[in-house]
Amino acid sequence: MKMKTKRTLVKAALGREESMDSILIKGWVRTRRDSKGFSFVEVNDGSCLKNIQVIVDATWPDYAKIDEVTTGAAISVTGELAASLGKGQKWEIRASGLEVLGTADSSYPLQKKGHGAEYLREIAHLRPRSNMFGCIFRVRNRLAFAVHNFFQEKEFLYVHTPLITANDCEGAGELFRVSSLDAKSPPLNDAGEVDFGEDFFARPTYLAVSGQLEAEIFATAFSNVYTFGPTFRAENSNTSRHASEFWMIEPEMAFCDLEGNMDLAEEFVKYLIADILKNCQEDLSLFARFVDKGLLNRLQFVVDRPFKRVSYTKAIELLQKSGKKFEFPVDYGANLQSEHERYLAEDHFRCPVTVYDFPKEIKPFYMRSNDDGKTVGAMDLLVPKIGEIVGGSQREERFDVLSENLKHHGLSEKDYWWYLELRKYGTVEHSGFGLGFERMLMFVTGVANIRDVIPFARTPGNAEF
RNA sequence: UGCUCGGUAGCUCAGCGGUAGAGCAGGUGGCUGUUAACCACUUUGUCGCAGGUUCGAAUCCUGCCCGAGCAGCCA
């Protein structure tokens, strides 16, 4: 019986130290170049950016089949892995057999030459086969792995918080309603409004905008926990850095104050960048060449230097003294505008900056009140080019103060009874933050649009794939 | 949602009142090792949609649709 050759991934073949008498590869044709007497076929299977070059000699009995070996076709090649006779690659495969597994005619939308990001977005089912998106999604994979490594090395517990929630969390933002009621004729109450008491969960429910409140439950049992999952916002945002469905990482730590929180955020961001610099060099080199020439220097810079920290009050002073004309006025008590954040990270400090201790009026109910009575222990980590990448706070652990804050924000204690009980039984100082996974990926790859770092982007009016 | 810019060949784009172009892709032929191969020849268009102005509209005007950038909301 003939031994069946096991398939080798292109990445493994290219990384070989020695030649192979017999090799089997499978993948998709990127391009074919014909010469008199033989053809060069470049095959990619997604395992790495590089293709492997296959030589098909015209003396091969089935050489007529070469016409079907077109850009986009899926093929299987057997042959010998040998040192390349040409320049530009170490190894090539001298084919002894070739099978076209799936043809692709000339209507194949992915050509060998430059496509625009917007066009590729319209063919999200094929763009992973392009060089750029191959790199993006390999880095995305590694970044997700690095997230878990970071927290697992620190003994943080990975917790799965619910995606369907009954609290319209923090009273902020637009939520997607989750309902199984008949949209055409929903049950009505006496006032003629939709009666969500009749709905699946016997109350109004939504897709979660954050797992924070539930993460706090676990932090007050396991000390250090993190979530990593999808989250949903129904805001009609049309920008290059907002998506309706995105992934977020939310660590939550008991016995930790705002400073410990900022320390962790900084360490986390640096760890992720260092991991990608180390493990995704080939993919990063493509971004450095075609997307952002300054990428590698900027990433190295961020890993090497400490982040700056300024209080909100100090940040306002800096902005007022900057002499720069802003479209929006810089006033104490107002939110920092994008242009203000950009000035701090890109012009003034020229590095990531953490702004902390914000006025209480512009922040949610759960953030811990500072002793000055005016500010809360909040922090935003701002990064050049992208802006806010992390938002977090120390949480209000004092029952009376939290209860007061709920009232102040017009929220009912009844809806947050379990959240309040965390403060009633064994309450402790605790803190946490949220890091936008796609924003981190944008920073690490230099890709400017969030729609291009998520496999299938959900934005207002778009859910095709 | 507001402001700004854009929609011309399969893709990238030029043309911006005088009747449709280039490069690439595709096709044909050539080339003894190519590297987004090269050389020669060659096919392809409701110029986003609907009105209007004009002798004449891809080009000017209005409305709509779609996309992008920025702002707000945030991660």
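In what follows, every heavy atom counts, from backbone to side chain, and hydrogens, waters and symmetry copies are set aside. Here is the naming used below: chain letters follow the sequence lines, and residue numbers restart at 1 for every chain.
At a threshold of 4.0 angstrom between heavy atoms, the contacts of E122(A) with the nucleic acid are absent. When heavy atoms are screened at a 4.0 angstrom cut-off, G37(A) is found touching no nucleic acid atom at all. Among the protein residues, Y119(A) comes within range of the sugar-phosphate backbone only, with heavy atoms under 4.0 Å from sugar or phosphate atoms but none that close to a base. Counting any heavy atom pair closer than 4.0 Å across all strands shown, S39(A) reaches no nucleic acid atom. S107(A) comes within 4.0 angstrom of nothing in the nucleic acid, heavy atoms only. Contacts of A243(A) with the nucleic acid, taken as non-hydrogen atoms under 4.0 Å apart, include base atoms. No engagement by T71(A) is indicated, since no non-hydrogen atom pair under 4.0 Å with the nucleic acid exists. D34(A) comes within 4.0 angstrom of a base, heavy atoms only. F328(A) comes within 4.0 angstrom of the backbone, heavy atoms only, and of no base. Within the 4.0 angstrom heavy-atom criterion, no nucleotide atom of any strand lies near R32(A). Heavy atoms of L85(A) sit under 4.0 angstrom from at least one base atom. Residue G436(A) is classed as a sugar-phosphate contact, given heavy-atom separations below 4.0 Å to backbone atoms only. When heavy atoms are screened at a 4.0 angstrom cut-off, R30(A) is found touching no nucleic acid atom at all. Q111(A) comes within 4.0 angstrom of a nucleotide base, judged by non-hydrogen atoms across all strands.
Y226(A) pairs in a ring pair (Phe, Tyr, Trp, His ring centres under 6.0 Å) with only one of the listed residues (F150(A), F151(A), F268(A)), which is F151(A). F228(A) pairs in a ring pair (Phe, Tyr, Trp, His ring centres under 6.0 Å) with only one of the listed residues (F437(A), F156(A), F145(A)), which is F437(A).
For Y332(A), the side chain to side chain contact (heavy atoms under 4.5 Å, CB included) test picks out Y312(A), T313(A), P359(A), K374(A), T375(A), with sequence neighbours left out.
G72(B) and C66(B) have their C1' atoms separated by 23 Å, with the value rounded to a whole Å. Taking the C1' atom of each, C60(B) and U53(B) are spaced 8 Å apart, rounded to whole Å. Comparing the same atom, P, in C39(B) and in U44(B) gives a spacing of 23 Å after rounding to whole Å. Taking atom P on both nucleotides, G7(B) is separated from G26(B) by 27 Å, rounded to a whole Å.
A salt bridge is defined here as a Lys NZ or Arg NE, NH1 or NH2 lying under 4.0 Å from an Asp or Glu carboxylate O, and R298(A) with D292(A) meets this definition.
In this structure, K363(A) is positioned above the aromatic face of F358(A), its NZ or CZ under 6.0 Å from the six-membered ring centre and within 45° of the axis.
In this structure, H148(A) has its ring center closer than 6.0 angstrom to the ring center of Y158(A).
A donor-acceptor contact under 3.5 Å is formed by the side chain of R439(A) with the base of C74(B). Between the base of U34(B) and the side chain of Q89(A) there is a donor-acceptor pair shorter than 3.5 Å.
Stacking between F246(A) and the base of A75(B) is present: ring centres sit under 5.5 Å apart and the planes differ by under 30 degrees.
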